[in-house]
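Computation of the quantities below employed the complete heavy-atom set of this structure, encompassing side-chain atoms and omitting hydrogens, waters and symmetry-equivalent molecules.
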Amino acid sequence: MSTTTRCEGCGAILQTTDRERAGYVIDLNHTYCQACYRLLHYGESIKHFHPEDLPSLPEHAVILMVSSVLHLDLLFSYPVYRYQPDAKYVYIINQIDLLPKGTDLTHLLSRIKNHAKNMHIPYEDLILMSAKNPYDIEHLKEYLRILKEPYVYLLGVQNSGKTTLFKALTKDDKALAMKKAGLTQEALHRPFENMEIYDMPGLYQEGYLHHVLPYGIYKDLIPDQEIKPRIYQLKDGQALMLEGLFGLSFHGNAINPILYLDSKVNIHKTQEARIKPLLLEKEKHFKIFVDRYEDKAFKISEGLHQITFADMGFMHIKGPGLIKVTYPKGLHLSLSEALFND
């Protein structure tokens, strides 16, 4: 009889009775569930179910709240500290290697701390790092040693890099760290010195790319290396198309946008009046598109602002001005003060 009870890729309990339930395998001697096996070996995504409940957290624990730099507009959206106020909360701003070289990280950290203060967020520390950087990992290990708590939990929204961090801390070579939302199903845990580290399922976030696009498409739209800013000089009423996903028209002073997106994202200039006709014939003009769209307008005040396009990237613009956006229905968009200067 197999001693393996959980999938080593996603943590789901292995079972042979229901193909539609997480953890399905043909044989309980398998290391990975069928969904993880096909994802790992064929790049095919079988739906993973999204856990809905927050985990039970012990008092004597360090909670690493992991957020990608792509998700900073939602950094303090989950008040996990209310569920276990006696734990130590450390916010990890992960994937800083995605930001352009030369980004003022001291300024970025200061802005985040001010944001936390204004929202009355309790925390032990805020750490900027990359889970792919061995130097950052060694510093985090030393930090955890100093805190001297027996349990460390990695929490954060889906695709924030928790499992990459988990693998780096514990030397785990089986857990899957891929740009697949909802991959981790149940807590994975491994020892690190005298601590136990838990990689928790991602907190569910409405309106990210996986809600409107299949895995084979959205994984290539989420950046995984340094983002080179793309700068545009437009006239009032001109527009940009981001694939067949976003139509952006610019008015007032906000006509020199800087876009931070993966280099594979196709962008082309057009006129505001052309957005709707292009999307009516989207199959003819674009390789990537969706079935339904909606519209939103953002009034931009003085100063540097950021519009975040779900987990795909963001744009910096200076006001005053007006940005009109046509985008996939239900996708998350937000307007905020820019957290770093261009």
Side-chain angles (χ1 to χ4, degrees), residues 68-75 95-96 98-104 107-108 111 207-209 212 218 220-279 282 285-290 293-328 331-342:
S68 167
V69 292
L70 299 173
H71 307 159
L72 287 181
D73 63 322
L74 296 171
L75 177 59
Q95 299 178 324
I96 62 167
L98 298 182
L99 296 177
K101 287 183 174 62
T103 299
D104 188 341
H107 179 70
L108 172 61
R111 298 291 282 274
Y208 274 9
L209 289 177
V212 298
Y218 79 70
D220 291 330
L221 298 177
I222 299 175
D224 57 9
Q225 55 186 346
E226 182 189 349
I227 302 171
K228 301 297 175 81
R230 288 187 256 184
I231 304 171
Y232 290 85
Q233 294 182 335
L234 307 174
K235 296 179 181 178
D236 194 290
Q238 286 191 309
L240 296 175
M241 295 296 304
L242 316 184
E243 300 287 353
L245 298 175
F246 298 90
L248 312 170
S249 60
F250 300 83
H251 302 270
N253 288 347
I255 56 175
N256 297 310
I258 303 175
L259 282 90
Y260 296 87
L261 302 167
D262 191 272
S263 60
K264 293 187 289 293
V265 175
N266 291 313
I267 303 174
H268 76 265
K269 189 185 299 186
T270 186
Q271 299 293 324
E272 180 179 5
R274 287 285 297 149
I275 293 176
K276 297 297 184 184
L278 286 169
L279 292 179
K282 52 185 179 286
H285 298 289
F286 306 107
K287 292 182 178 179
I288 301 175
F289 52 83
V290 296
Y293 298 86
E294 58 183 311
D295 300 305
K296 182 178 287 188
F298 292 103
K299 187 175 181 181
I300 312 299
S301 59
E302 292 276 356
L304 184 63
H305 293 78
Q306 175 174 312
I307 292 179
T308 299
F309 307 111
D311 48 345
M312 181 172 162
F314 51 90
M315 174 177 70
H316 281 180
I317 29 81
K318 289 184 179 179
L322 180 70
I323 308 292
K324 297 179 182 179
V325 186
T326 299
Y327 64 102
L331 204 72
H332 170 74
L333 290 183
S334 72
L335 173 67
S336 60
E337 186 178 5
L339 288 173
F340 65 91
N341 293 323
D342 298 300

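- Using a 4.5 Å heavy-atom threshold, the side chains of Pro328 and Phe246 count as touching.
- Between the CD1 atom in Ile307 and the CG atom in Asp73 there is a gap of 11.5 Å [rounded to 0.5 Å].
- The nearest pair of heavy atoms linking Leu333 to Lys296 is O-NZ, 4.3 Å.
- With rounding to the nearest 0.5 angstrom, the OG atom of Ser249 is 7.5 Å from the CD1 atom of Ile323.
- Nearest heavy-atom pair, Leu72 versus Leu108, reported as atom, atom and distance to 0.1 Å: CD1-CD1, 4.2 Å.
- Pro257 and Leu240 get closest at one heavy-atom pair: CG-CD1, 4.1 Å.
- Distance alone, capped at 3.5 Å, is enough to place a donor-acceptor pair between the Arg111 side chain and the Ala338 backbone.
- Aromatic ring pairs are classed by plane angle as parallel below 30°, tilted from 30° to 60° and perpendicular above 60°; the pair Tyr260 and Phe340 is perpendicular.
- Interatomic distance, CD1 of Ile300 versus CD1 of Ile317, reported as 3.5 Å (0.5 Å rounding).
- Nearest heavy atoms, His107 versus Asp104: N-OD1, 3.0 Å.
- Asp220 places no side-chain N or O within donor-acceptor distance of the main-chain N or O of Lys264, the cut-off being under 3.5 Å.
- The shortest distance between side-chain heavy atoms of Tyr208 and Leu331 does not fall below 4.5 Å.
- For the pair Tyr327 and His332, the minimum side-chain heavy-atom distance is 4.5 Å or more.
- Not one N or O on the side chain of Asn266 forms a donor-acceptor pair closer than 3.5 Å with the backbone of Glu243.
- At a threshold of 4.5 Å between non-hydrogen side-chain atoms, the residues Met312 and Ile222 do not count as touching.
- Here CG of Leu261 is found 8.5 Å from CZ of Phe314. Values are rounded to the nearest 0.5 Å.
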Practice problem: Just do the salt bridge (charged side-chain N to carboxylate O under 4.0 Å, His left out) check on Lys324 and Glu272 with the steps written out, would you? | Solution: CA-CA 9 Å; Lys324 297 179 182 179; Glu272 180 179 5; 3.4 Å; yes
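- For the pair Ile255/Gln233, no side-chain contact is recorded, criterion being any heavy-atom separation below 4.5 Å from C-beta on.
- Contact check for Leu322 versus Phe298: no side-chain heavy atoms found under the 4.5 Å cut-off.
- A donor-acceptor pair under 3.5 Å is formed between the side chain of His305 and the backbone N or O of Gly303.
- To the nearest 0.5 angstrom, Asn253 atom CG is 10.5 Å from Lys318 atom NZ.
- For the pair Gly313 and Leu70, the tightest heavy-atom approach, listed with the atom from each and the gap, is CA-CD2, 4.2 Å.
- Between the side chains of Asp295 and Thr326, at least one donor N or O sits under 3.5 Å from an acceptor N or O.
- Remark: Leu304 CG to Gln306 CD distance equals 8.5 Å, nearest 0.5 Å.
- In terms of heavy-atom proximity, Asp236 sits nearest to Gly252 at OD2-N, 2.8 Å.
- Side-chain contact between Arg230 and Val265: present, with at least one pair of heavy atoms (C-beta onward) separated by less than 4.5 Å.
- For the pair Pro100 and Pro229, the minimum side-chain heavy-atom distance is below 4.5 Å.
- With no hydrogens or angles considered, no side-chain donor-acceptor pair links Asn341 and His316 at under 3.5 Å.
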